[in-house]
Every structure is written in structure tokens, then in C-alpha cells.
Amino acid sequence: MLKVSETNFEKIKIEMKEAKVLRVMKTSFLNKQYKGQYNLLSKAKKSNELLQYAYSPSKCLPVRIGEIIINYKIYAAFIKKLKGFNKSHEIKDKCLVLTYGKKSNGVLTLEDISPYFDGFQHIPVATLDHEGGGSK
């Protein structure tokens, strides 16, 4: 299990909301910059929309584990469904790899999203807890 040790979720939510506002404002800038260039506008808007999603506190909660940052909301929702399963955690190749199973194994890989949160000051920190529930 991940154990979130430094928690100040309100400060990170404020930072994320500010970043999202900047992304929303960038949409109107992109419309002006790529006027008449539909293909370029479409690619730029898609990238901008993905970042708006990443900066939505209701959909993403960045948490630092060692050198990487993952979306803790995805992790927490998935781990709730794994009660009674054997679980092990491992950080490798800039990813958190969660292996789980009873008879056969499944794998959840959460990739590093730290490039999207570069410059954020209040990202909560978690550690891998190697105790309880069959977790490693």
C-alpha cells in the first residue's frame, strides 16, 4: 500500500486550479494563433484539453513517490477493488507497478506524470508501505 505522509491537499488543489485556469485561457489564444489551420489547431487543442483534465482536482491528485509522481485518485480507486487479493508494489522504469492476484496475476502500471507538475510546490509525498494485506 501507499502511505501518504505529507498531506496538504488544499494547497495542491489551489495550484492545480490556477494551472487549469491558465490552460482554459490558452484555448482562446490557440483559436487566434491557428485560425484557418484546422489540423494544427486540433492537435494543440487536444493537448491543451488533456492538461486541463490533469489539472482538475476532481480527476487527478498528484502524489510523489520517490522520484516519480502518480495520479493517486486512480491508484486509490483501483486498490479499493483489490480487497482480499495479494498485492505488491514496485517502482521501475519511471512507473509504479502494482501486481495483484489470487491465482493468476494482473498488473496496473501508473506512469510518471511529473513533467506535467514541474514547478508545483505542494505535491503530497507517499511512501511504499511493505506491511499488511499481503502488500509488498
Side-chain angles (χ1 to χ4, degrees):
M1 284 291 285
L2 288 180
K3 184 176 182 181
V4 179
S5 55
E6 297 177 23
T7 57
N8 193 340
F9 295 124
E10 291 308 312
K11 287 185 179 181
I12 187 65
K13 286 179 182 179
I14 290 169
E15 279 186 288
M16 290 173 67
K17 287 177 184 178
E18 289 171 356
K20 185 175 180 179
V21 166
L22 292 174
R23 288 290 160 186
V24 170
M25 290 171 44
K26 188 174 180 178
T27 300
S28 64
F29 171 76
L30 291 172
N31 287 332
K32 291 176 186 174
Q33 183 180 8
Y34 294 113
K35 190 172 187 173
Q37 300 174 354
Y38 180 75
N39 287 340
L40 292 174
L41 176 63
S42 178
K43 288 179 184 178
K45 281 179 113 175
K46 183 177 261 186
S47 172
N48 196 45
E49 288 170 2
L50 288 172
L51 287 172
Q52 286 180 32
Y53 177 88
Y55 297 140
S56 296
S58 63
K59 296 177 177 66
C60 182
L61 178 60
V63 172
R64 182 178 308 280
I65 308 163
E67 298 292 319
I68 68 170
I69 296 174
I70 64 160
N71 183 349
Y72 187 76
K73 291 226 178 196
I74 293 173
Y75 172 83
F78 197 80
I79 207 78
K80 280 182 185 178
K81 298 176 189 282
L82 296 179
K83 291 185 180 175
F85 284 77
N86 295 322
K87 301 174 279 289
S88 67
H89 297 76
E90 179 181 18
I91 296 177
K92 65 179 181 182
D93 299 328
K94 292 269 195 182
C95 298
L96 175 69
V97 179
L98 169 63
T99 306
Y100 60 92
K102 288 186 179 178
K103 293 181 181 177
S104 62
N105 284 339
V107 177
L108 172 69
T109 303
L110 295 172
E111 296 195 19
D112 182 21
I113 58 174
S114 58
Y116 305 112
F117 293 93
D118 196 28
F120 280 62
Q121 302 295 316
H122 303 288
I123 296 177
V125 176
T127 56
L128 290 175
D129 183 13
H130 295 289
E131 298 178 18
S135 297
K136 285 187 178 178

Q.
Pair Leu2, Leu96 - check side-chain contact (heavy atoms from CB on, under 4.5 Å), show working.
A. CA-CA 10 Å; Leu2 288 180; Leu96 175 69; 4.0 Å; yes

(Q) So, applying side-chain contact (heavy atoms from CB on, under 4.5 Å) with Ile91, which one of Val97, Ile65, Ile70, Asp112 is it? (A)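 Of Val97, Ile65, Ile70, Asp112, side-chain contact (heavy atoms from CB on, under 4.5 Å) with Ile91 is met by Ile65 alone.
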
Report yes if some heavy atom in the side chain of [X] is under 4.5 Å from a heavy atom in the side chain of [Y]; otherwise report no.
| X | Y | value |
| --- | --- | --- |
| Ile113 | Asn71 | yes |
| Asn39 | Lys43 | no |
| Phe9 | Pro124 | yes |
| Asp93 | Thr109 | no |

Q.
Please evaluate residues Ile79 and Lys87 with respect to the criterion side-chain contact (heavy atoms from CB on, under 4.5 Å), reporting the C-alpha separation (whole Å), side-chain torsions for both, the decisive distance (0.1 Å), and the verdict.
A. CA-CA 9 Å; Ile79 207 78; Lys87 301 174 279 289; 3.5 Å; yes

Backbone N or O of [Y] within a donor-acceptor pair of the [X] side chain at under 3.5 Å?
| X | Y | result |
| --- | --- | --- |
| Gln121 | Gly119 | yes |
| Lys17 | Pro57 | no |
| Tyr34 | Ser42 | no |
| Ser28 | Met25 | yes |

Q) Around atom CZ of Phe78, are there more than 12 heavy atoms of other residues, nucleotides or ligands at under 6.0 Å? A)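 Above 12, so yes.
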
(Q) Is it true that, when you exclude Glu111 itself, more than 12 heavy atoms of the residues, nucleotides or ligands shown sit nearer than 6.0 Å to its CD? (A)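 12 or below, so no.
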
Q.
Check for me whether Lys102 meets the cation-pi criterion with Phe85, that is, NZ or CZ under 6.0 Å from the six-membered ring centre and within 45 degrees of the ring axis.
A.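 Yes - Lys102 lies over the ring of Phe85, closer than 6.0 Å to its centre and within 45° of its axis.
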
(Q) Let's go through Leu110 and Leu98 carefully: what are the C-alpha distance in whole Å and the side-chain angles of both, what is the deciding distance for side-chain contact (heavy atoms from CB on, under 4.5 Å) to 0.1 Å, and is it a yes or a no? (A) CA-CA 8 Å; Leu110 295 172; Leu98 169 63; over 6 Å; no

Q) Taking it one step at a time, do Met16 and Phe120 satisfy side-chain contact (heavy atoms from CB on, under 4.5 Å)? A) CA-CA 8 Å; Met16 290 173 67; Phe120 280 62; 3.9 Å; yes

Assigning hydrophobic clusters by single linkage (Ile, Leu, Val, Met, Phe, Trp, Tyr; side-chain heavy-atom cutoff under 4.5 Å), is [X] placed with [Y]?
| X | Y | result |
| --- | --- | --- |
| Val4 | Ile74 | yes |
| Leu30 | Tyr116 | no |
| Tyr72 | Ile14 | no |
| Leu50 | Tyr53 | no |

Any idea which heavy atoms bring [X] and [Y] closest together, and the distance?
| X | Y | value |
| --- | --- | --- |
| Arg64 | Ile69 | NH2-CD1, 3.6 Å |
| Tyr100 | Leu108 | CE2-N, 4.1 Å |
| Ile68 | Cys95 | CD1-C, 3.8 Å |
| His122 | Glu15 | N-OE1, 3.0 Å |
| Pro62 | Ile12 | CG-CG1, 3.9 Å |

Distance check, rounded to the nearest 0.5 Å: [X] atom [atom1] versus [Y] atom [atom2]?
| X | Y | atom1 | atom2 | result |
| --- | --- | --- | --- | --- |
| Ser114 | Lys94 | OG | NZ | 5.5 Å |
| Ser47 | Lys26 | OG | NZ | 7.0 Å |
| Thr99 | His89 | OG1 | NE2 | 9.0 Å |
| Lys13 | Lys20 | NZ | NZ | 13.0 Å |

Q) Do the side-chain N and O atoms of Thr27 and Asn48 include a donor-acceptor pair separated by under 3.5 angstrom? A)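 The criterion, which ignores hydrogens and geometry beyond distance, is satisfied for Asn48 and Thr27.
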
